[in-house]
Amino acid sequence: MDSADFIVIGGGIAGLSAAARLAAHGRVVVLEAEEALGYHSSGRSVSFSHFGIGNAVVRALTGHSRPFFEAQPAGFCDSPIAELSPSLYFAGEEALPLLDTLETNMASLVETLEPLDAAALTRLCPVLRTGPGAAVRGFLDPTGLKLDADALLQSFARAVRAQGGEIRLGQQVETIARQSDTWTVNGAVAAPVLVSAAGAWCDRIAALAGVTPLGLQPRRRTIIAVDPGVDMAGWPFVHSAAGDFYMLPEAGRLLVSPVDEVEDDPCDAQPDDYDIAYAADRLEHYTTLKVARIAHRWAGLRTFTSDRTPTAGFAPDAPGFFWLCGQGGYGLQTAPAMAAAVESLIAGSIWPMADVRPAQIAPDRLLAG
Ligand SMILES: Cc1cc2nc3c(=O)[nH]c(=O)nc-3n(C[C@H](O)[C@H](O)[C@H](O)COP(=O)(O)OP(=O)(O)OC[C@H]3O[C@@H](n4cnc5c(N)ncnc54)[C@H](O)[C@@H]3O)c2cc1C
């Protein structure tokens with residue numbers, strides 16, 4: 001039997017960023033079912049950090065994670081892990097109240113939001129339909145960050161290994177047993193602390209461990225990549241305030257999503273024909289572009305708690321079982337702050353955030369009542 005101080009289940013952004021922190025306090029073993037890191041949600045995201053998504057706790061976690069991305073720790077990665085990239089939000093007449101609420105929420109965190117009239121929308125994104133029946137107003141957040149998800153995953157993994165930790169790929173967790181103060185996984189590795197960072201599968205891991213599930217809900221999101229046939233230089237990440245469309249240029253292609261949230265089971269998510277067609281429809285509805293060919297398509301799961309707030313904390317019904325789950329659509333942009341919270345809760349380091357309390361992200365809140 002191999003023994004460790006911490007076992008982390010899941011080699012996505014949540015598990016790896018937490019493992020990199022925990023490795024400073026003891027021996028970490030990360031168990032990942034797939035043969036590659038980030039095979040599921042973390043490798044399928046559009047990898048952006050912005051304040052236009054999530055509730056107040058998510059925005060706070062996003063804010064606390066920004067310094068890590070903006071001034072990456074020395075030696076963390078050879079290349080930049082984040083690049084400044086503006087976000088634009090627009091609305092037609094009927095969605096103006098949503099735009100105004102979004103702007104108010106974001107203004108408390110970003111002082112440099114820039115209001116945009118229809119002419120300014122066209123200047124920033126010439127293909128956006130504007131005027132009556134189309135976009136009439138918007139605003140620009142110049143502080144968005146495009147993240148490099150692969151560089152983040154690989155760099156956190158390197159940090160784990162550099163501190164003596166181990167990452168075992170192709171290790172599907174099938175059995176979890178608890179005896180006295182020790183968790184034993186697959187009959188092969190044992191530790192007093194077991195961190196479940198298995199994304200959409202976290203409730204299934206809880207079931208294996210005999211822990212009360214949190215009622216996590218995986219929801220599928222679809223992306224299509226198209227060749228727009230126009231120069232996209234300088235285009236921002238463009239979102240409809242109505243919440244049914246976004247697009248952003250990446251590597252010469254335009255990534256487009258209908259911002260779908262289709263309930264799904266934990267699985268290797270695949271795009272559905274209807275959602276692919278709807279993505280193309282939204283692009284043609286909001287812009288003057290025509291979709292002649294879809295070059296690439298994919299789907300991934302965004303897994304939510306009932307209050308859509310990420311969760312980190314020990315299970316109240318199982319000593320040593322630690323939940324790290326419910327990262328929803330913001331798992332990359334909140335990972336550094338969540339990992340610091342995990343370190344504090346498990347290893348006793350100083351709580352890192354004045355405006356987020358442990359109780360706000362504790363699993364207990366999801367089990368009450
Ligand atoms: C289309 C799309 C766009 C997104 N855009 C953004 C964005 O712009 N910004 C942002 O911050 N977030 C974004 N997200 C959300 C983000 O991708 C997720 O919040 C994040 O990746 C969740 O990370 P995770 O580590 O919890 O999950 P995962 O990356 O899914 O990792 C969980 C891992 O656990 C492993 N596992 C499961 N069961 C077992 C088992 N029994 N044994 C061993 N291993 C197991 C899985 O194989 C998996 O690798 C997006 C998501 C999608 C789908």
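Whatever order the structure lists ligands and atoms in, that order sets their numbers, starting from 1. Just so it is clear, the structure is predicted and the values come from calculations on it, not from any experiment.
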Check the orientation of [X] and [Y]. Use parallel for under 30°, tilted for 30 to 60°, and perpendicular for over 60°.
X      : Y      : answer
His239 : Tyr89  : parallel
Phe68  : Phe156 : parallel
Trp298 : His296 : tilted

Is the closest heavy atom of [X] to ligand 1 under 4.0 Å?
X      : answer
Tyr330 : yes
Ile205 : yes
Gln171 : yes

Would you mind listing which atoms of ligand 1 come within a distance below 4.0 Å of any non-hydrogen atom of [X]?
X      : answer
Gly10  : 33 (C), 34 (O), 35 (C)
Gln172 : 41 (N), 42 (N)
Gly12  : 25 (O), 29 (O), 31 (O)
Gly328 : 15 (C), 18 (C), 19 (O)
Leu31  : 43 (C), 44 (N)

Full working for salt bridge (charged side-chain N to carboxylate O under 4.0 Å, His left out) between Asp78 and Arg158: CA-CA 12 Å; Asp78 294 340; Arg158 210 165 28 246; 5.8 Å; no

Look only at interatomic distance and state if [X] has a nitrogen or oxygen under 3.5 Å from any nitrogen or oxygen of ligand 1.
X      : answer
Trp298 : no
Phe48  : yes
Ala200 : no

Is any side-chain heavy atom of Val195 closer than 4.5 Å to a side-chain heavy atom of Ile346? yes

Side chain, backbone, both or neither: Ser49 near ligand 1, heavy atoms under 4.0 Å: neither

Going by side chain to side chain donor-acceptor pair (under 3.5 Å), Asp264 matches just one of Arg219, Arg220, Arg302, Gln217. Which one? Arg220

Under a 3.5 Å cutoff, is there a donor and acceptor pairing between the side chains of Ser180 and Thr182? no

Quick check against the 3.5 Å criterion: does Ser45 have a side-chain atom that pairs as donor or acceptor with the backbone of Ser42? no

Among Glu34, Arg302, Glu32, closest by any non-hydrogen atom to atom 48 (C) of ligand 1: Glu32

Going by the closest heavy atom to atom 28 (P) of ligand 1, which one wins out of Ser42, Ser45, Gly11? Ser42

Of all heavy-atom pairs between Leu84 and Leu145, which one has the smallest distance, and what is that distance? CD1-CD2, 3.8 Å

Of the non-hydrogen atoms in Asp307 and Asn55, which two are nearest, and what is the gap between them? O-ND2, 3.4 Å

For [atom], find the nearest protein heavy atom and state the residue, atom name and distance (0.1 Å precision).
atom                    : value
atom 40 (C) of ligand 1 : Val173 N, 3.6 Å
atom 13 (C) of ligand 1 : Gly329 O, 3.3 Å
atom 27 (O) of ligand 1 : Gly199 CA, 3.7 Å

